[in-house]
Colleague: 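Shown below is the structure under consideration.
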Number of protein chains: 2
Amino acid sequence: MSKRTGTLIIIGGREDKEGERAILQEVVRPVAKGGGRKRLVIVTAATTIPQEIADDYRRVFRQLGVGHVDVLDIREREQAHDPALIKKLDDAGVIFFTGGDQLRLTSQLGGTPLFAHMLELHARGTVIAGTSAGAAAVPETMLISGQSEGSLRVSASTLGMAPGLGLLKGVIIDSHFAERGRLGRLLGAVAQNPYNLGIGIDEDTALVVQNERVGRVVGSGAVYVIDGKQLKYSSLSEADPTGVLRMHNLTLHVLGDGDTFDLSTRMPHPPAGASAAAG
Amino acid sequence: MSKRTGTLIIIGGREDKEGERAILQEVVRPVAKGGGRKRLVIVTAATTIPQEIADDYRRVFRQLGVGHVDVLDIREREQAHDPALIKKLDDAGVIFFTGGDQLRLTSQLGGTPLFAHMLELHARGTVIAGTSAGAAAVPETMLISGQSEGSLRVSASTLGMAPGLGLLKGVIIDSHFAERGRLGRLLGAVAQNPYNLGIGIDEDTALVVQNERVGRVVGSGAVYVIDGKQLKYSSLSEADPTGVLRMHNLTLHVLGDGDTFDLSTRMPHPPAGASAAAG
């Protein structure tokens, strides 16, 4: 991948829209004040209430100093083949995927010329940001359903996975993480193939990924990273797995604002100036 | 400690009372069928509805074949000094602490002759079991309050800790774990002193501890063990900690029915016959 690949901003949902708006400030950075002709393009494909959601974000992005806000109101897959809509992306400095349903998002955009163009733009530096469903859709395989607030039952096959947008390899992302008690389902996704890091992002919290490699946490909540590289046992590997999912020897990082995480080494780092180790 | 110390059964709350009752079967084992004169003593000190709770458990324990069920209905601290009540414990094969409020339990029993007698009996083999608040009260320092379903904010001082019953050293226990999204608060308790293992127990799930050393999981949910021994960074150690609690490099085990955990080596083991490692 090119080193000029645009920043990827993965938001756990319900980011602050009224206060300091630290996360949305990150989103608008390339297009606010002095962004020139570059536009911020809101993609509402994931939601069934595109007008309402678009109006809300348009208001906030304008307040944050973005001169040009466009909305790609994709409601049918055919639209993602429309050359006029595709052209509308040409000056996009930032593409912002709203929340909604991640399967709606991928089923409308996956394999279309519109999405291929987004990938080209991203490879040349356009920022892609996504919140809630727009965050969950980022990986190659995405988590689409699974019980919250409970440990995962292997037998209940309650964990739904589907092909994602493929914007970041080697991860599974869940949003609204601590708020909805989603540890169980993220563990389940990691158990399916521990090659993937499980990344659980709280509300009003984002992982800002540069060069597809280093993520920096921004926002008021936490980002949980579950690393199964040292996993010694998973009940999912048994001949006839039943009962609750069991996994022995996972590594867990709880990251907050200013922490960084290197996706290639799988190592977290506290913010510069933080004091030394505890433990 | 004597090797004859009684089994300790730590239950995450809402254990099955109508079906197979795997956990309560463990509880009654020393006193059901052939238990002779040995009694099961229900201690309702934690609850404000002792009659209702006691009646419910009495019914279930009798169904499970316990011939002698007594209730210690402690409502005031003075009662725990009453020699007649203390004597009532003499033939206890099992002492069962109900749910309720762990602080109510420790403030009524802590430092009393009644509780001292319980410890003596336990040291000579009497089983002690506790569910929900009765489980949370087991450690030397117990978790009494803290936000569920959210990551822990260091600044909000929302984490309440208090001296527990001291039945098991080196652990912090939380109940109703996945059901109430309590990862954040258990992480906070571990961060305070990573010497302690954090043990989060789901509903209808128990850790059955032998000789204060090896715990075996029984029940339909999971037991989460958070080990901070390899912790490299905790934001709680900073000079002026603020924001969300951050902790880098924790070890996490998700255990289920049949798994064992050695509290001295901090190592989990799958049930005999389980297949080999994944990852």
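Each chain gets a letter, A, B and so on, in the order its sequence line appears, and its residues count up from 1. Keep in mind that the numbers below use all heavy atoms, side chains included, and drop hydrogens, waters and symmetry copies. None of these values were measured; they are calculated from a predicted model.
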Colleague: Can you say whether the rings of A:Y233 and A:H248 are parallel (under 30°), tilted (30 to 60°) or perpendicular (over 60°)?
Modeller: tilted
Colleague: Chain B: which of A:N249, A:L236, A:D202 shares the most heavy-atom pairs with it under 4.5 Å?
Modeller: A:N249
Colleague: Looking at B:E26 and B:R21, does any basic side-chain N land under 4.0 Å from a carboxylate oxygen?
Modeller: no
Colleague: Quick one: do the B:D259 and B:H253 side chains pair a donor with an acceptor below 3.5 Å?
Modeller: no
Colleague: Heavy atoms, side chains only, cut-off 4.5 Å: are A:Y224 and B:L187 in contact?
Modeller: yes
Colleague: Which atoms of A:L255 are under 4.5 Å from chain B, going by heavy atoms: the side chain, the backbone, both sets, or neither?
Modeller: both
Colleague: Give the member of A:G181, A:G184, A:G150 that has the highest number of heavy-atom pairs under 4.5 Å with chain B.
Modeller: A:G150
